[in-house]
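Reckoned from all heavy atoms, side chains included, excluding hydrogens, waters and symmetry mates.
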Amino acid sequence: MASSYGVRPPSFRKKQPSAENFTCQKCLQKGHFTFECTGKRKYVHRESRSKEMAKRMKMDEEKKQAELL
């Protein structure tokens with residue numbers, strides 16, 4: 001009687017990640033992993049969290065004002 005506990009069906013095997021589906025965290029382009037990147041790092045401007053919070057609070061306040069009218 002042969003035991004097959006050590007062999008997993010193909011649906012349980014881990015798939016090898018494909019670089020075509022990943023976006024590089026350094027140059028922000030698709031097609032390669034970050035550790036393989038030869039491009040320059042791109043600067044992405046993002047507002048500070050406090051500015052985002054202030055904008056959100058202002059929008060909520062305007063929404064409440066509109067509801068009162």
Side-chain angles (χ1 to χ4, degrees):
M1 182 172 187
S3 176
S4 63
Y5 289 111
V7 179
R8 290 187 174 190
S11 62
F12 288 115
R13 291 186 188 141
K14 289 185 179 180
K15 296 178 182 174
Q16 293 295 327
S18 174
E20 64 189 25
N21 298 329
F22 286 90
T23 301
C24 176
Q25 295 174 353
K26 184 177 176 185
C27 69
L28 304 175
Q29 295 180 345
K30 288 191 172 215
H32 61 275
F33 296 110
T34 305
F35 67 90
E36 298 170 334
C37 186
T38 57
K40 285 189 167 187
R41 184 171 300 278
K42 292 194 178 172
Y43 179 76
V44 178
H45 175 74
R46 295 184 178 99
E47 286 190 350
S48 68
R49 183 69 178 141
S50 55
K51 285 184 181 180
E52 287 182 16
M53 187 175 66
K55 189 186 298 184
R56 175 115 186 204
M57 288 172 61
K58 185 177 178 182
M59 287 174 47
D60 288 344
E61 188 175 307
E62 290 173 356
K63 195 175 186 181
K64 285 182 183 179
Q65 290 289 334
E67 288 177 358
L68 292 176
L69 297 175

Undergrad: Counting only heavy atoms not in Glu36 (residues, nucleotides, ligands), do more than 12 fall under 6.0 Å from its CD?
TA: yes

Undergrad: Using a side-chain heavy atom cutoff under 4.5 Å and only I, L, V, M, F, W and Y, what cluster partners does Met57 have?
TA: Met53

Undergrad: Salt bridge between Glu67 and Lys64, side-chain N to carboxylate O under 4.0 Å?
TA: no

Undergrad: For a quick test of reading the model, state the closest non-hydrogen atom pair linking Val44 to Leu28 and the distance between them.
TA: CG2-CD1, 3.3 Å

Undergrad: How long is the gap from SG on Cys27 to CZ on Arg41, to the nearest 0.5 Å?
TA: 9.5 Å

Undergrad: To the nearest 0.5 Å, how far apart are SG in Cys24 and NE2 in His32?
TA: 3.5 Å

Undergrad: For Glu52, look at atom CD and say whether over 12 heavy atoms of other residues, nucleotides or ligands are found less than 6.0 Å away.
TA: yes

Undergrad: Quick one: pull up NZ in Lys63 and CZ in Arg56 and give me the separation to the nearest 0.5 Å.
TA: 8.5 Å

Undergrad: Specify the closest pair of heavy atoms between Asn21 and Lys30, including all atoms of both residues, with the distance to one decimal.
TA: O-NZ, 4.4 Å

Undergrad: If the plane angle is over 60° it's perpendicular, under 30° parallel, otherwise tilted; pick one for Phe33 and Phe35.
TA: parallel

Undergrad: To the nearest 0.5 Å, tell me how far Lys42 NZ sits from Gln29 CD.
TA: 4.5 Å

